[in-house]
Amino acid sequence: MNDISNLPTPDSAEDNAFFPSPYSLSQYTAATTDFDELYSPAKVAPGTKVLVIGTEERYMLMQNGAMFSTGNHPVETLLPLHHMVQAGAEIEVATLTGAPVKLEWWAFPQEDQAIASTWNKLKEQMKQPRRLSDLLAEKNTYAALFIPGGHGAMLNIPESTDVQEALDRALAEDQLIVSLCHGPAGFLAAGINRERNPFAGYSMCVFPDELDAGANINIGYLPGKMPWALGEALSNAGINIVNDSMSGLVHQDRNLITGDSPLASNELGKVVVKNLLERYPSAE
């Protein structure tokens with residue numbers, strides 16, 4: 001760490017804002033992912049749709065007044081989607097207001113062909129997503145709901161009644177509900193104005209609070225302590241967290257499929273496709 005700075009890098013687009021430090025990026029990011037192969041060459045039935053709820057928020061205000069330049073993590077977003085797209089699923093991207101999805105571009109794997117192909121296919125939707133409330137009003141039928149990770153998923157999405165409605169429908173219709181890393185923050189929306197969160201009693205994996213409160217600050221990935229702890233909030237909502245480390249764990253409880261970190265992205269995509277093929281096989 002002596003040769004590479006562990007100080008967060010200033011983001012000149014906002015006052016007192018920071019990207020992760022060069023050292024933390026050397027530990028957490030790479031030019032390629034661990035994508036190896038698809039789960040199966042088989043395709044899902046035509047019209048099998050996946051709703052993606054992305055974040056339109058760029059900055060997280062930390063407890064010390066610094067701003068973390070965040071968004072959705074590109075690997076956590078695009079690698080699971082690569083598996084779904086290659087299986088023939090139709091992707092519809094939404095944000096709360098229809099503003100562009102914000103990606104943590106500093107984590108984009110610039111030499112990864114799988115990520116690049118899916119980004120090129122979905123780029124227009126990411127930059128011009130639908131307003132979530134408008135999609136909900138259309139009463140579309142979805143096979144799965146996907147909330148990608150990245151610290152940006154902790155901003156506004158957990159307080160959104162539109163996200164609550166999307167989750168309610170997903171549960172009622174037995175859709176696959178998919179998330180990873182910090183994306184499960186969105187499941188807190190299901191409990192808005194309710195005595196009990198519908199996900200209480202479910203088990204899932206998420207990014208460990210211990211890393212965000214400790215190592216991620218020490219290596220300069222985060223510029224300060226986060227405004228709230230994700231795992232703690234989910235536990236307080238009655239949700240069972242099955243991991244306490246970052247290992248690439250993927251966990252399925254009924255129709256809920258979660259992963260613990262970017263390391264889980266590839267396997268998560270395969271598990272989702274396995275479930276989609278079982279539920280919506282192509283007649284061909």
Side-chain angles (χ1 to χ4, degrees), residues 51-57 60-63 68 70 72-73 76-77 80 94-96 132-133 136 142 144-214 216 222 225-247 249-262 264 268 271-272 275:
L51 173 60
V52 180
I53 301 178
T55 183
E56 58 194 23
E57 296 298 328
M60 172 181 280
L61 180 62
M62 314 306 273
Q63 292 189 26
F68 175 43
T70 182
N72 282 132
H73 193 288
E76 295 171 14
T77 305
T95 58
L96 299 187
L132 179 58
S133 60
L136 293 173
Y142 295 102
L145 170 63
F146 178 36
I147 303 178
H151 287 76
M154 295 176 62
L155 305 173
N156 293 344
I157 289 175
E159 295 83 37
S160 168
T161 54
D162 290 329
V163 174
Q164 181 182 49
E165 181 179 347
L167 290 168
D168 283 349
R169 290 192 193 179
L171 288 168
E173 297 169 7
D174 195 33
Q175 298 174 25
L176 297 178
I177 302 172
V178 183
S179 192
L180 73 168
C181 204
H182 294 85
F187 301 146
L188 295 171
I192 295 173
N193 296 325
R194 289 172 173 162
E195 292 186 4
R196 178 178 171 86
N197 189 305
F199 288 100
Y202 278 76
S203 59
M204 65 179 70
C205 45
V206 301
F207 193 84
D209 287 348
E210 183 177 349
L211 284 178
D212 272 333
N216 277 359
L222 296 175
K225 190 174 181 181
M226 288 167 44
W228 51 280
L230 173 57
E232 179 182 0
L234 291 169
S235 295
N236 288 341
I239 295 167
N240 302 314
I241 308 301
V242 300
N243 66 301
D244 57 10
S245 64
M246 180 179 70
S247 65
L249 178 67
V250 174
H251 179 75
Q252 181 167 357
D253 180 356
R254 288 160 278 188
N255 60 329
L256 178 66
I257 306 172
T258 52
D260 68 6
S261 67
L268 182 80
V271 173
V272 172
N275 279 265

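Heads up: numbering here begins at 1 and tracks the sequence.
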Quick one, His151 and Leu230 - any side-chain contact, counting heavy atoms below 4.5 Å?
no
Asp168: side-chain hydrogen bond (donor to acceptor under 3.5 Å, both in side chains) partners, not counting sequence neighbours:
Arg194
Value rounded to 0.5 Å, distance of CG in Leu176 from CG in Asn255:
6.5 Å
So how far is it from Glu173 CD to Tyr142 OH, rounded to the nearest 0.5 Å?
10.5 Å
Can a donor-acceptor pair be found between the side chains of His182 and Asp212 at a distance below 3.5 Å?
yes
Could you tell me whether the side chain of Leu145 reaches within less than 4.5 Å of the side chain of Ile53, counting heavy atoms only?
yes
Heavy-atom count check: over 12 atoms from other residues, nucleotides or ligands less than 6.0 Å from Glu159 CD?
yes
Main-chain N/O of Leu180 paired with Thr258 side-chain donor or acceptor, under 3.5 Å
no
Rounded to the nearest 0.5 Å, how far does CG of Leu188 lie from CG of Leu234?
5.0 Å
Mind checking whether Tyr202 and Pro184 have side chains closer than 4.5 Å, heavy atoms only?
no
How many angstroms lie between atom CG of Leu155 and atom CD of Glu57, to the nearest 0.5 angstrom?
6.0 Å
Side-chain touch Pro148/Ser179, heavy atoms, less than 4.5 angstrom
no
Shortest non-hydrogen contact from Asp162 toward Leu136:
O-CD1, 3.4 Å
Are any non-hydrogen side-chain atoms of Ile177 and Phe187 less than 4.5 angstrom apart?
yes
Can you see which heavy atom on Thr77 is nearest to which on His73, and at what distance?
OG1-O, 2.8 Å
Quick one: pull up CD1 in Ile239 and CE in Met204 and give me the separation to the nearest 0.5 Å.
4.0 Å
For Asp209, check side-chain hydrogen bond (donor to acceptor under 3.5 Å, both in side chains) against everything at least two apart and list the hits.
none
Pro198 versus Leu167: any side-chain heavy-atom pair under 4.5 Å?
no
Identify the heavy atoms of Cys181 and Gly149 that sit nearest to each other, and give their distance.
CB-CA, 4.4 Å
Treating Ser261 as the side-chain partner and Phe207 as the backbone partner, does any N or O pair qualify as donor plus acceptor under 3.5 Å?
no
Looking at side-chain heavy atoms only, is the closest gap between Leu96 and Val163 below 4.5 Å?
yes
Carefully, step by step, assess Trp228 and Met154 under the rule side-chain contact (heavy atoms from CB on, under 4.5 Å).
CA-CA 9 Å; Trp228 51 280; Met154 295 176 62; 3.6 Å; yes
Is a side-chain donor-acceptor pair under 3.5 Å present for Gln252 with Asn275?
yes
What do you reckon, is CG of Asp244 surrounded by more than 12 foreign heavy atoms closer than 6.0 Å?
no
Donor-acceptor pair, Asp260 side chain versus Leu249 backbone, under 3.5 Å?
yes
Counting N and O atoms only, with roles assigned by atom type, does the side chain of Thr161 sit under 3.5 Å from a partner on the main chain of Gln164, one being a donor and the other an acceptor?
no
More than 12 non-hydrogen atoms from neighbouring residues, nucleotides or ligands closer than 6.0 Å to CZ on Arg196, yes or no?
no
How would you list, by chain and number, every residue that makes a salt bridge (Lys or Arg N to Asp or Glu O under 4.0 Å) with Glu165, sequence neighbours excluded?
Arg169
If we ignore angles and hydrogens, is there a donor and acceptor under 3.5 Å between the side chains of Ser203 and Asp253?
yes
Under 4.5 Å between any side-chain heavy atoms of Pro227 and Leu61, yes or no?
no
Does the Ser235 side chain pair with the main chain of Gly231, one donor and one acceptor, at a distance under 3.5 Å?
yes
Just verifying a value: how many Å separate Asn240 CG and Cys205 SG, rounded to the nearest 0.5 Å?
12.5 Å
Main chain of Lys225, side chain of Gln63: is a donor-acceptor contact present, judged purely on distance under 3.5 Å?
no
Minimum heavy-atom separation for Asn72 to Ala153, with atom names?
ND2-CB, 4.4 Å
Looking only at heavy atoms, what is the nearest atom pair of Ala94 and Leu51, with distance?
CB-CD1, 4.1 Å
List the steps and the verdict of side-chain contact (heavy atoms from CB on, under 4.5 Å) for Val52 and Ile147.
CA-CA 6 Å; Val52 180; Ile147 303 178; over 6 Å; no
Minimum-distance pair of heavy atoms, taken over all atoms of Ala200 and Ala237
CB-O, 3.4 Å
